[in-house]
Number of protein chains: 2
Amino acid sequence: MTSMASDPSIKPVILSGGGGTRLWPLSRPEHPKQFLKLLSEQTLLQVTAARVDDPSLYASPTVVANSAHAEEIALQLLALGIALEAVIMEPVGRGTAPAVALAALNAAPQDVLLVMPSDHVILDPKAFHTAVRAGLAFAKQGWLITFGIAPTYPETGYGYIRKGAELGEQVSSVERFVEKPERATAESMLADGRYLWNSGIFLFRAERLLEELEHHAPAVLSAARGAMDRARREDVRIATDTEAFLASPSASIDCAVMEKVERVAVVPVDCGWSDIGSWDALYQLGPLDGAGNMVSGAARLVDTSGCLVRTEGVRVSALGVSDLIIVATRDEVLILPRGKSQDLRRFSSD
Amino acid sequence: MTSMASDPSIKPVILSGGGGTRLWPLSRPEHPKQFLKLLSEQTLLQVTAARVDDPSLYASPTVVANSAHAEEIALQLLALGIALEAVIMEPVGRGTAPAVALAALNAAPQDVLLVMPSDHVILDPKAFHTAVRAGLAFAKQGWLITFGIAPTYPETGYGYIRKGAELGEQVSSVERFVEKPERATAESMLADGRYLWNSGIFLFRAERLLEELEHHAPAVLSAARGAMDRARREDVRIATDTEAFLASPSASIDCAVMEKVERVAVVPVDCGWSDIGSWDALYQLGPLDGAGNMVSGAARLVDTSGCLVRTEGVRVSALGVSDLIIVATRDEVLILPRGKSQDLRRFSSD
């Protein structure tokens with residue numbers, strides 16, 4: 001065994017299970033957010049994979065995705081020249097817990113996995129990598145590491161983490177997890193200063209995650225194990241067994257594992273993170289033109305300010321309007337005031 | 001000769017020359033306003049033709065149109081079972097004066113022509129027909145009759161007519177025509193009570209119009225005469241001679257003739273007239289839903305009020321917005337506040 005084998009680099013696990021409803025009408029179930037070019041000429045999936053395309057720290061990535069998206073994912077990474085370790089195909093989405101379980105079962109026990117959603121943005125990757133390095137020593141010792149984002153406003157759409165005692169440089173124990181809060185609670189946590197946003201990005205040894213799943217979510221683990229044992233493998237593609245996978249309950253890795261284990265630590269990081277979970281969140285990322293508009297696609301704006309205008313295949317002409325979100329595709333047009341994009345759910349799904 | 005021949009019914013002349021810019025993006029040069037189904041399942045052209053589909057008062061209509069639209073016009077009237085007297089095809093648009101000249105040259109000298117734009121709406125046709133009957137006796141005596149609409153607000157997009165002495169029941173002399181006014185002028189005319197909107201609808205004997213053209217716009221008349229003399233005729237279609245027609249200056253029938261002749265009279269009429277010259281004008285015609293929205297096409301409105309939403313082939317979802325004009329097609333989306341639709345011209349024509 002070489003020292004590389006006994007001291008493996010970090011294996012990125014990219015979760016591509018998003019349903020694609022919050023950036024409707026651009027995101028759709030068949031074309032979820034990770035496949036959108038929201039901030040650059042690359043899709044969010046590509047940006048996520050490119051972020052860990054550094055052999056000095058990271059091995060080739062594994063993507064866990066709906067089987068319907070496997071081909072698209074392979075093509076997108078091929079376009080960047082990024083070799084995949086594996087694409088693990090789920091027959092349906094059952095949340096992040098079974099998805100992570102599949103990846104952990106496919107890894108060597110000692111592998112350190114960096115679990116990342118495929119549709120988040122990190123504007124300062126350098127700060128992120130520094131945080132990952134800080135967490136790595138603890139992950140190797142068996143800690144389950146979360147990355148916590150210093151909150152900048154009282155967001156009610158995120159879970160929070162209260163950090164406890166410092167365990168080492170940049171690493172603290174987790175005192176508790178807080179579910180998505182009410183507004184008042186979010187405000188008091190923001191004021192408190194010891195609360196961080198739960199980014200949904202994790203670092204741990206594969207065998208440690210499996211141990212905790214065994215303890216806290218055995219049904220998830222046994223379903224994932226069955227699905228992997230009977231998987232069909234072809235090149236990098238791993239088609240998990242449908243019947244076995246369907247036996248898994250739906251569960252998030254946060255609720256099923258992270259919030260329940262003892263040896264969980266948090267690395268606070270200020271890396272320009274966003275889950276781009278709404279049109280308003282996208283607008284926050286900018287850049288804006290001189291009138292405060294964020295524009296993408298063919299648009300003519302006259303006397304228009306503070307608007308997010310995003311159009312694909314259709315020209316938008318706006319005159320004399322302010323602070324609107326305007327999103328147009330060839331078959332859908334969405335118009336609502338900025339600050340209201342959480343209300344998208346008020347449209348029934350017809 | 002029968003008495004019918006010596007006392008012809010009124011010959012409608014429908015002017016289909018509109019350029020189609022003011023209701024952009026629904027109206028386009030290739031698909032102007034008269035071809036839109038703005039207020040019913042019929043196009044404005046069809047509504048205009050159907051309005052005079054009454055043999056007790058009107059003969060078959062003549063349409064003057066761009067040659068590119070002749071086929072569409074024939075099909076639209078065929079669909080209503082309305083027989084055309086003629087479609088007079090212009091190679092290019094040169095305004096209403098040459099268009100009316102062509103129709104007058106194609107008529108018998110004694111024919112009484114009712115000249116109507118193809119893209120206006122009249123919500124009370126009965127009142128309109130009563131006004132036409134009132135004007136008919138004067139038209140037969142050689143008067144050029146205009147129809148004047150009682151103004152309901154200080155519109156700056158219309159010409160005005162100041163009525164003078166009463167000539168007979170419902171018929172007054174015209175004291176003067178007023179060009180499209182400034183706002184303050186429009187307000188004082190509205191307050192005055194003797195001013196009417198110039199509807200662009202006229203009634204006169206063909207020979208009288210030709211006499212006045214000869215006197216006031218001889219270049220228009222001679223071009224029109226040349227274009228008709230050398231026209232190619234096939235069935236009801238009359239393709240005017242391009243070279244001859246191109247010799248005509250551009251001129252409106254108002255400026256070239258009506259404002260200059262002595263024997264011009266006005267019939268005031270309250271018939272729910274609109275030229276639907278803007279999105280705001282369309283909104284005025286309603287009907288509105290309980291939240292003051294005027295909706296046409298596939299739209300989902302949540303907490304939305306006072307909006308004109310018009311969509312073709314695209315679904316519009318609006319949430320929490322008020323008093324907007326939203327028009328969507330498969331390639332263009334327009335958004336502006338209600339009351340601002342005159343500002344459409346601020347978009348360059350690119």
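Just so we're on the same page: letters track the sequence lines, and every chain starts at 1.
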Verify the neighbour count for atom [atom1] of [X]: are there more than 12 heavy atoms of other residues, nucleotides or ligands below 6.0 Å?
{"X": "B/Asp289", "atom1": "CG", "answer": "yes"}
{"X": "A/Asp270", "atom1": "CG", "answer": "no"}
{"X": "A/Glu179", "atom1": "CD", "answer": "no"}

**Message:** Apply side-chain contact (heavy atoms from CB on, under 4.5 Å) to residues B/Leu334 and A/Val316 and explain how you reach the verdict.
**Reply:** CA-CA 6 Å; B/Leu334 172 68; A/Val316 170; over 6 Å; no
**Residue part contacting chain A, namely of B/Ala328, when any heavy atom lies under 4.5 Å** = side chain
**Asked** Given a strict heavy-atom distance threshold of 4.5 Å, which part of B/Ile325 is in contact with chain A: side chain, backbone, both, or neither?
**Response** neither
With heavy-atom distances below 4.5 Å as the criterion, would you say the side chains of [X] and [Y] are in contact?
{"X": "B/Leu319", "Y": "A/Ile335", "result": "no"}
{"X": "B/Val333", "Y": "A/Thr311", "result": "no"}
{"X": "B/Val321", "Y": "A/Pro337", "result": "yes"}
{"X": "A/Thr329", "Y": "B/Val314", "result": "no"}

**Asked** Closest heavy-atom contact between B/Ser317 and A/Phe347?
**Response** CB-CZ, 3.6 Å
**Prompt:** Is the charged tip of A/Arg315 near the ring of B/Trp24: under 6.0 Å from the six-membered ring centre and within 45° of its axis?
**Reply:**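 Here A/Arg315 fails the 6.0 Å and 45° test against B/Trp24.
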**Prompt:** CZ of A/Arg300 to CD of B/Glu332: how many Å apart, nearest 0.5 Å?
**Reply:**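 Spacing of CZ (A/Arg300) from CD (B/Glu332) equals 6.0 Å.
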**Asked** Does B/Asp303 come within less than 4.0 Å of A/Lys340, counting only side-chain N to carboxylate O?
**Response** no
